[in-house]
Student: 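The structure is given below, and queries will be raised subsequently.
In what follows, chains are A, B, ... by sequence order, proteins preceding strands, each numbered from 1. This is a predicted model, so every value here is computed, not measured.
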Amino acid sequence: MNPLQGILLVEDSDHDIELTLAALDEHKLANEVTVARDGAEALDYLFRRGAFAERTSGQPLVVLLDLKMPKVDGLEVLRQMKADSELKKIPVVMLTSSREEADIVRSYELGVSAYVVKPVDFQDFVESVKCLGCFWALINQQPETNRSNP
Amino acid sequence: MTAPSRSPKFRTRLIILVLLLVTPAFGLVFYGNLEQRRIEKAKVRQGATALSELAGANQATFVKNTRQLLTTLAQFPFLVLATNRPFCEVHFSNLLKLSPDYVNFGLIETDGTLFCNGAETNVSENLNDRSYFQRVIQTKRFSIGDFQVGRLTAEPELSFGYPVLDEKGGVKRVLFASLKLSLLSEAVADVRLPAHGAVTVIDRNGTVLAQHPESEKWVGKSLAGTGVAERILARREDMFEAPGLDGVPRLHAVTPIKEGDSPGLFVSVGIPLEVSFAHANQALVRNLVVLGLVAAAVLAGARFYAEQFFLRPVNALVAATHRLAEGDLSVRTGRIRGAAELAHLARAFDEMAERLQKRQTEIAQAHEQISRLNEDLERRVRERTVQLEAANQELEAFSYSVSHDLRAPLRHIDGFSDLLTKHLGGSLDDKGKRFLKTISDSAKRMGRLIDDLLVFSRMGRSEMRHAVVDLERLAQEARTELQTQAEGREVVWKNGGLPSAQADAAMLRQVFINLLSNALKYSRDRNPAIIETGVAKGGPDEVVIFVRDNGAGFDMRYADKLFGVFQRLHRAEEFEGTGIGLANVRRIILRHGGRTWAEGKVGEGATFFFSLPATAPSVMEPTRS
């Protein structure tokens, strides 16, 4: 059992995954990142079902969630997580291109911990990701139960 | 309006009118009656006087005859001065037989002793208590006695006395004659009296000597003390009204019968006035009946006339008016028969009702048309709303895509340019670095353009929240926000004082930010930069705000392009910007119902104006700062 579970990045775009990992890598956080390619996969991972039924690793410290994804979108992932008594303790950060007011409002209504718009400027993006990783994965203190297997 | 009127009905008024018309006639009738009564009364007085004189003359005849007889007898001394009593008695007895009107003759000595008489012989009586005897002794003249029942004859009689005088004029004896009293009543019975008339003869004492009718009942009765007798005997009036012996009120005419200087008898003729007025009263009743019948006939006629020509048409009109008032516009009076004015009124009513009905129909049709148009309009509004909502949704989806999907590739371009730069590291020459930087800058610039475009789009679609907004405060907030841009520069802010207005605060704030930030940007080469806000003179229905700077200015030939989306008058190398700020200003001001324009000269600064409608509640007095 590894109690340090790192970050779950839910992102459908390969480019974005690569850029996000590159940004995290600049701060030595890339190794602790698990990537889910869409909402459905993220939910399977979190609920340990389907391909992840045999997963033994603990739940992530933080979930970086894209909003617009095929199959199940970010808002739905967020809703199901917050509906679960264990998963709702995990901080979720929206990391998205959308700066639409409606998306922001809806996310906070569903209990998101932070909403971050991905800047076009890559250096700005690197800064944002660095802050996110530092804060949620390293600084933020969470309940002990989050780190153990259910 | 169906409540009964308090004023009398027309019929009542009609009756009053007829009565008023007939009243003078009634007055005339009563006046005629009074006049007739007066005439009747005068006639009665005349008649009573005449009858009284006639009856008086009648009675006077007895007195005159007796006087003549006694005067004649007194001329025979052998008789009246006879000393031989039997002789005297024979003569008087014979005379009595010859004079059936009398009941006795006789001679009385001066001491009252009866000397002789014709009725009963050898009687010795003293008659000195008899009034005629006493008066003869006193006056030595013919005298009339009073009512008496004869002591010798035992019959009611009226005695007369006459003096027998000697040479010296002294009374030797008193000659007397006793008249049968019933003769007087018989005589007065001959007088033809009107109905219920009465004749009464009384003596000085008020005793009834004769009476007609009912002589038996009254003769011999003393009326002394009764009203009639008193007034007769008082002799102050020869005519008066008083109740008679039987209580019937009568007009009494009195004729005294003189025995010499003074009256000895009184004849009174009483005629009942009511009887005399009977004729007048009958006439009155007859006239009243006739007049009443005439009045009734007139009333009936008037009622018929009024009913026919007035009430019926009026009632028909009233009924029609009521029905009209209740909303029955089809009501018509038809051809009303009646007074010409009423017929006119009815015709006018019909015309009015006709017009009302026509108007009503037109109104109903208009209403129908309006509601049809309204329905049509509402339906079209609904359709258009649905279309607009759909369009809006499409726009939302579009801007969402722009926001999300269009930015992602730009981010990738910039991100991978950066990664490539790092990857190549020292093997990248300057030219390669410049290329990569251009790629990165272009991507960033396009990201800004997209962001601005989104803001612009959102500005046009977002809902406006109107409130009273202090424009001066908004401008101040914008200046504070832009303070970082002005850092390290000398900027003079001039605030002319702005009014309050009815507007969306967030949008107006954006306007000030855009205009002031523009002013700051284009005046950055000036030292100091002068940026002024204030109120400019505008039309009567608007308030005009301006923002002026002493910056780069612009060529007025391109003034129209200033407010276009992505329209720029300067190259990006001179002044950065996407060209969306003024477009946003114009869009916001247009949404407030205002307008925007600008004035400028290259190198001498620019002035940007915007107006807001000066509706009463929206624009207040300027608040000076």
Student: Checking heavy atoms, do the side chain of D14(A), its backbone, both or neither come under 4.5 Å from chain B?
Tutor: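 It is neither, since no heavy atom gets under 4.5 Å.
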Student: Just wondering, are more than 12 heavy atoms of other shown residues or ligands nearer than 6.0 Å to CZ in R106(A)?
Tutor: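 Counting neighbours around CZ of R106(A), 12 or fewer heavy atoms of other residues, nucleotides or ligands fall under 6.0 Å, so no.
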Student: For chain B, which residues from residues 76-83 of chain A lie under 4.5 Å away (heavy-atom distances)?
Tutor: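 From residues 76-83 of chain A, none sit under 4.5 Å of chain B.
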Student: Between V117(A) and R407(B), what is the shortest heavy-atom contact and its length?
Tutor: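 Result for this residue pair: CG1-NH2, 3.7 Å.
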Student: Provide the closest heavy-atom pair for H412(B) versus S13(A) in the form atom of the first, atom of the second, distance.
Tutor: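 Shortest heavy-atom contact: CE1-OG, 3.5 Å.
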Student: Check the surroundings of atom NZ in K422(B): do more than 12 heavy atoms from other residues, nucleotides or ligands lie under 6.0 Å from it?
Tutor: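 Enclosed.
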Student: How long is the straight-line distance from CD1 of I413(B) back to NE2 of H15(A), given to the nearest 0.5 Å?
Tutor: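 Here the rounded value is 10.0 Å.
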Student: Within residues 119-130 of chain A, which positions have a heavy-atom distance to chain B below 4.5 Å?
Tutor: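 Within residues 119-130 of chain A, the residues under 4.5 Å from chain B are P119(A), V120(A), D121(A), F122(A), Q123(A).
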Student: Please say whether more than 12 non-hydrogen atoms of neighbouring residues, nucleotides or ligands are located less than 6.0 Å from CZ in R465(B).
Tutor: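 Open: at most 12 neighbouring heavy atoms sit under 6.0 Å from CZ of R465(B).
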